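No experiment lies behind these values; they were computed from the predicted model shown. Every chain is numbered from 1, with letters handed out A, B, ... down the list of sequences.
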There are 2 protein chains.
Amino acid sequence: MFVRAETGEDRKCPIETVIQVVGGKWKPLILWHLLNSSKRFSELEKLIPEVTQKMLAQHLRELEIDRLVTRTIYPSVPPKVEYSMSEHGKTLIPVLEAMCQWGDNHNRQSPKPIAGAASNSV
Amino acid sequence: MFVRAETGEDRKCPIETVIQVVGGKWKPLILWHLLNSSKRFSELEKLIPEVTQKMLAQHLRELEIDRLVTRTIYPSVPPKVEYSMSEHGKTLIPVLEAMCQWGDNHNRQSPKPIAGAASNSV
DNA sequence: TCGGGTACTCACTTGAAAGTAAGTATAGGC
DNA sequence: GCCTATACTTACTTTCAAGTGAGTACCCGA
């Protein structure tokens, strides 16, 4: 099922893999914006105004390393870089949609701030 | 789709909701162990030897607040407490399975440490 | 009355993720 | 010669989840 720790292998839990791949603070948002069309760095900046350039660049680089997005550089001046969903990235869409649906449902049923986001100390 | 930030509502991205609900370091593991049968606190401790009592208690409490697990106290001495999947928690299983399958697949294709887990500073 | 088992809590520390603010290279326009 | 734009990088700081280790309340059996 979720985990294979019990096999003695030091493989990691695949759910944690998904969480690490899409679990960055801005990654679901980035992925969502890239869903239908490729976007430039500056476009993503405008679409997600709260994200800093540093975090946007970092998360895009991580998504690229994980092969979820493709980075295309057009050698022009000023430079133009486009990000789009890769084929591998598209295989994640059904999973994201399932998560989205459940999360939405859960939020409707308990619109309170959820426990996972609560502070550590009492 | 994933997000409803664009509606002007300050609702949160449902994917982040899922991540917060199951994204704690030990939560997928706890959920996996509760999948087929309810477990006592001390049983979970033995099943997940690396988890500390503090983290186990904290994550169980969060899962309880999010209504994924049910906590049953038997008023005996020494005390006995049982944790099990709630009905709402069971609705999450297909989502976790989808995540699991994709994560497993992704791990097979790139067994390297994934970018999301990389350190921040260069 | 001493230790043991259960199910925790509490105060403190560590470390990684995220945020802030500034800097960089390139070239075209004024 | 200076400003602008793009797509970043770098150094430093803050925040917060997770870990450490000790303590608590309860009662039982030896």
*Asks:* For residues 41-50 of chain A, which residue pairs qualify under side-chain hydrogen bond (donor to acceptor under 3.5 Å, both in side chains), counting only residues two or more places apart or in two chains?
*Replies:* A/E45-A/Q53
*Asks:* Write down the distance between NZ (B/K39) and P (C/dT6), rounded to a whole number of angstrom.
*Replies:* 16 Å
*Asks:* Between A/V51 and A/P79, which is nearer to the 5' end of DNA chain C once each is assigned its nearest nucleotide?
*Replies:*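 The residue mapped nearer the 5' terminus is A/V51.
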*Asks:* Under 4.0 Å between any heavy atoms, over every strand shown, what does A/S42 touch: base, sugar-phosphate, or nothing? Just pick one.
*Replies:* sugar-phosphate
*Asks:* Check the pair A/K27, A/L68 against side-chain contact (heavy atoms from CB on, under 4.5 Å), reporting the backbone distance first and the verdict last.
*Replies:* CA-CA 11 Å; A/K27 284 180 185 176; A/L68 300 190; over 6 Å; no
*Asks:* After noting the C-alpha distance and the side-chain angles of B/S84 and B/L34, does the key distance pass the side-chain contact (heavy atoms from CB on, under 4.5 Å) rule?
*Replies:* CA-CA 6 Å; B/S84 54; B/L34 294 181; 5.7 Å; no
*Asks:* Atom CG of B/L44 and atom P of C/dA7: how far apart are they, to the nearest Å?
*Replies:*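 Those two atoms, CG and P, are 10 Å apart.
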*Asks:* Return the nearest nucleotide to the side chain of B/T52; candidates are D/dA7, C/dA7, D/dT20.
*Replies:*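 Within the option list, the nearest is D/dT20.
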*Asks:* Output yes when at least one side-chain N/O atom of A/K25 is less than 4.0 Å from OP1 or OP2 of C/dG19, else no.
*Replies:* yes
*Asks:* Among C/dA7, D/dA18, C/dA18, which is the nearest nucleotide to the side chain of B/M55?
*Replies:* D/dA18
*Asks:* Measure CD/A/E50 against C1'/C/dA17 and give the value in whole Å, please.
*Replies:*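 So the CD-C1' distance, A/E50 to C/dA17, works out to 18 Å.
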*Asks:* Using whole Å, report how far NZ of B/K54 lies from C1' of C/dA11.
*Replies:*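 Going from B/K54 (NZ) to C/dA11 (C1'), I get 10 Å.
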*Asks:* For residues 70-78 of chain A, which residues have at least one heavy atom under 4.0 Å from DNA chain C?
*Replies:* A/V77
*Asks:* Please give, in whole Å, the distance from C/dT6 P to B/K80 NZ?
*Replies:* 11 Å
*Asks:* Using whole Å, report how far CG of A/L56 lies from P of D/dA7.
*Replies:* 10 Å
*Asks:* Which heavy atom of A/P14 sits nearest a heavy atom of B/D104, and at what distance?
*Replies:*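 So the minimum-distance heavy-atom pair works out to CB-N, 3.4 Å.
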*Asks:* Would B/F41 and B/L56 count as a side-chain contact (heavy atoms from CB on, under 4.5 Å) if you check the C-alpha gap in whole Å, the side-chain angles of each, and the deciding distance to 0.1 Å?
*Replies:* CA-CA 8 Å; B/F41 189 91; B/L56 185 56; 4.0 Å; yes
*Asks:* Kindly point out which of D/dG19, D/dA7, C/dG19 is positioned nearest to the side chain of B/W26?
*Replies:* D/dG19
*Asks:* Which label fits A/H88 and B/H106: parallel for a plane angle under 30°, tilted from 30 to 60°, or perpendicular past 60°?
*Replies:*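 It falls in the parallel class, under 30°.
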*Asks:* Could you please name the option among C/dA18, C/dG19, D/dG19 that lies closest to any side-chain atom of A/Q58?
*Replies:*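 Taking heavy atoms from C-beta onward, the closest nucleotide is C/dA18.
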*Asks:* Distance check needed: D/dA7 P versus A/L60 CG, whole Å only.
*Replies:*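 Those two atoms, CG and P, are 11 Å apart.
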*Asks:* Does A/H59 place a side-chain N or O at less than 4.0 Å from the phosphate oxygens OP1/OP2 of C/dA18?
*Replies:*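 For C/dA18, OP1 or OP2 has a side-chain N or O of A/H59 closer than 4.0 Å.
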*Asks:* Looking at B/R40, does any N or O in its side chain come under 4.0 Å of the phosphate oxygens OP1/OP2 on C/dT6?
*Replies:*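 False: B/R40 side-chain N/O out of range (4.0 Å or more) of C/dT6 OP1/OP2.
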*Asks:* Grab the two heavy atoms, one from B/L60 and one from B/V69, that are nearest each other, plus how far apart they are.
*Replies:*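 Result for this residue pair: O-CG2, 4.1 Å.
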*Asks:* Show your reasoning for whether side-chain contact (heavy atoms from CB on, under 4.5 Å) applies to A/W102 and B/V21.
*Replies:* CA-CA 11 Å; A/W102 190 92; B/V21 163; 4.3 Å; yes
*Asks:* Any carboxylate oxygen within less than 4.0 angstrom of a Lys/Arg side-chain nitrogen, looking at A/R61 and A/E64?
*Replies:*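 The answer is no: the pair does not qualify as a salt bridge.
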*Asks:* In degrees, rounded to 10°, what is the bend between the two ends of the helix from C/dT1-D/dA30 to C/dC30-D/dG1, using five pairs at each?
*Replies:*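 Inter-axis angle at the termini of the helix from C/dT1-D/dA30 to C/dC30-D/dG1: 30°.
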*Asks:* Report the distance from atom CD of B/Q53 to atom C1' of D/dT24, rounded to the nearest whole Å.
*Replies:* 12 Å
*Asks:* Will you find, in the side chains of A/N105 and A/Q109, an N or O donor that is under 3.5 Å from an N or O acceptor?
*Replies:*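 Yes.
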*Asks:* Quick one: is C/dT9 close enough that its OP1 or OP2 comes under 4.0 Å of any side-chain N or O from B/R61?
*Replies:* yes
